[in-house]
J.: 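Handing you this structure, nothing more for now.
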Amino acid sequence: QVQLVESGGGLVRPGGSLRLSCVASGSLSSDYIMGWYRQAFGKQRELVASATFDGTTNYGNSVKGRFTITRDNANNTVSLQMNSLKSEDTAKYYCNAHDLDVRGVKVRTDFWGQGTRVTVSS
């Protein structure tokens, strides 16, 4: 069974930086996309960033140009460097790994970490 463990959350001032890390244990296929989602209080979960095994990345519009995701395939880790943080970045951040939902073939499978809290406040 795959387990994802996040670390690096905390309190940071607006304009500051923070780095989140996630370590995957267990068997995780290279077909899985790894990334980060976040959920603020009273809001829906949203994609922050994701990365495929071969390095293709995807970012949510609100974090483009500020956040950078990196994936270390050898160690089954994924990190999120967050710069120029804003108050609206305040949320609980969840590490995620998922494969694809292929119609008529298989259903998407998700693995989730326990989450790490990021608070951006002066």
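Numbers for residues simply follow the sequence, beginning at 1.
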J.: Would you say Val23 and Val2 are hydrophobically clustered, going by side-chain heavy atoms of ILVMFWY under 4.5 Å?
T.: no
J.: If you define the side chain from C-beta out and look only at heavy atoms, does anything of Val102 sit under 4.5 Å from Val107?
T.: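 Heavy-atom side-chain distance check fails, nothing below 4.5 Å.
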J.: Identify the heavy atoms of Leu18 and Gly10 that sit nearest to each other, and give their distance.
T.: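 Between these two residues, the closest heavy atoms are CD2-N, 3.8 Å.
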J.: Please, which pairs that meet ring pair (Phe, Tyr, Trp, His ring centres under 6.0 Å) have at least one residue in residues 43-91, sequence neighbours excluded?
T.: none
J.: Examine distances only and state if a side-chain atom of Asp31 and a backbone atom of Asp99 form a donor-acceptor pair shorter than 3.5 Å.
T.: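 Flag not set: sc Asp31 to bb Asp99 has no pair under 3.5 Å.
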J.: If you look only at pairs with a residue in residues 16-50, which of them pass as a ring pair (Phe, Tyr, Trp, His ring centres under 6.0 Å), with sequence neighbours excluded?
T.: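 For residues 16-50: Tyr32-Phe111, Tyr37-Trp112.
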J.: Atom OG of Ser7 and atom CG of Leu20: how far apart are they, to the nearest 0.5 Å?
T.: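 Ser7 OG to Leu20 CG: 8.0 Å, rounded to 0.5 Å.
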J.: May I ask you to test the Arg19-Ser79 pair for a side-chain heavy-atom distance under 4.5 Å?
T.: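 Sidechains of Ser79 and Arg19: in contact.
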J.: Which residues pass the salt bridge (Lys or Arg N to Asp or Glu O under 4.0 Å) test with Glu46, sequence neighbours left out?
T.: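 Scan of Glu46 (salt bridge (Lys or Arg N to Asp or Glu O under 4.0 Å), adjacent residues dropped) gives Arg38.
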J.: For Arg108, what residues pass the salt bridge (Lys or Arg N to Asp or Glu O under 4.0 Å) criterion, not counting sequence neighbours?
T.: Asp110
J.: Please tell me if the side chains of Thr90 and Arg117 come closer than 4.5 Å, counting only heavy atoms from C-beta onward.
T.: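 Counting from C-beta outward, Thr90 and Arg117 do come under 4.5 Å.
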J.: With hydrophobic residues grouped by side-chain heavy-atom distances under 4.5 Å, do Val48 and Tyr94 end up in a single group?
T.: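 Looking at the clustering, Tyr94 is in a separate group from Val48.
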J.: What is the minimum heavy-atom distance between Thr57 and Ala51, and which atoms define it?
T.: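 Residues Thr57 and Ala51, closest heavy atoms: CG2-CB, 4.1 Å.
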J.: Hey, does Glu6 have a side-chain heavy atom less than 4.5 Å from the side chain of Ser21?
T.: no
J.: Taking all heavy atoms of Leu4 and all of Cys22, pick out the closest pair and write down the distance.
T.: CB-SG, 3.9 Å
J.: Count I, L, V, M, F, W, Y as connected when their side-chain heavy atoms are under 4.5 Å apart, and connections chain through other members. Are Leu28 and Leu80 then in the same cluster?
T.: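 Linked, Leu28 and Leu80 end up in one cluster.
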J.: Less than 4.5 Å apart, side chain to side chain, heavy atoms only: is that true for Asp89 and Arg66?
T.: yes
J.: Are His98 and Met34 close enough that some pair of their side-chain heavy atoms sits under 4.5 Å apart?
T.: no
J.: Are any side-chain N or O atoms of Ser17 and backbone N or O atoms of Asn83, one a donor and one an acceptor, separated by less than 3.5 Å?
T.: no
J.: Is a side-chain donor-acceptor pair under 3.5 Å present for Asn75 with Thr77?
T.: no
J.: With the 4.5 Å side-chain cut-off for hydrophobic clustering, are Val78 and Val118 part of the same group?
T.: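 Yes, it is one cluster - the side chains of Val78 and Val118 are joined through contacts under 4.5 Å.
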J.: Please report the shortest heavy-atom distance between Ser122 and Pro14, naming the atom on each side.
T.: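 Answer, listing the atom of Ser122 first, then Pro14: N-CD, 3.6 Å.
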J.: Please check this pair: side chain of Gln39 against backbone of Lys92, looking for a donor-acceptor N/O pair closer than 3.5 Å.
T.: no
J.: Might you work through the side-chain contact (heavy atoms from CB on, under 4.5 Å) test for Leu100 and Lys106, ending with a clear yes or no?
T.: CA-CA 8 Å; Leu100 301 178; Lys106 70 179 186 68; 4.2 Å; yes
J.: Only counting residues at least two apart or in another chain, list the ones meeting salt bridge (Lys or Arg N to Asp or Glu O under 4.0 Å) with Asp72.
T.: none
J.: Nearest 0.5 Å, what's the OG-CG distance between Ser62 and Leu47?
T.: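 Going from the OG atom of Ser62 to the CG atom of Leu47 covers 9.0 Å.
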J.: If the condition is salt bridge (Lys or Arg N to Asp or Glu O under 4.0 Å), which residues does Lys43 pass it with, not counting sequence neighbours?
T.: none
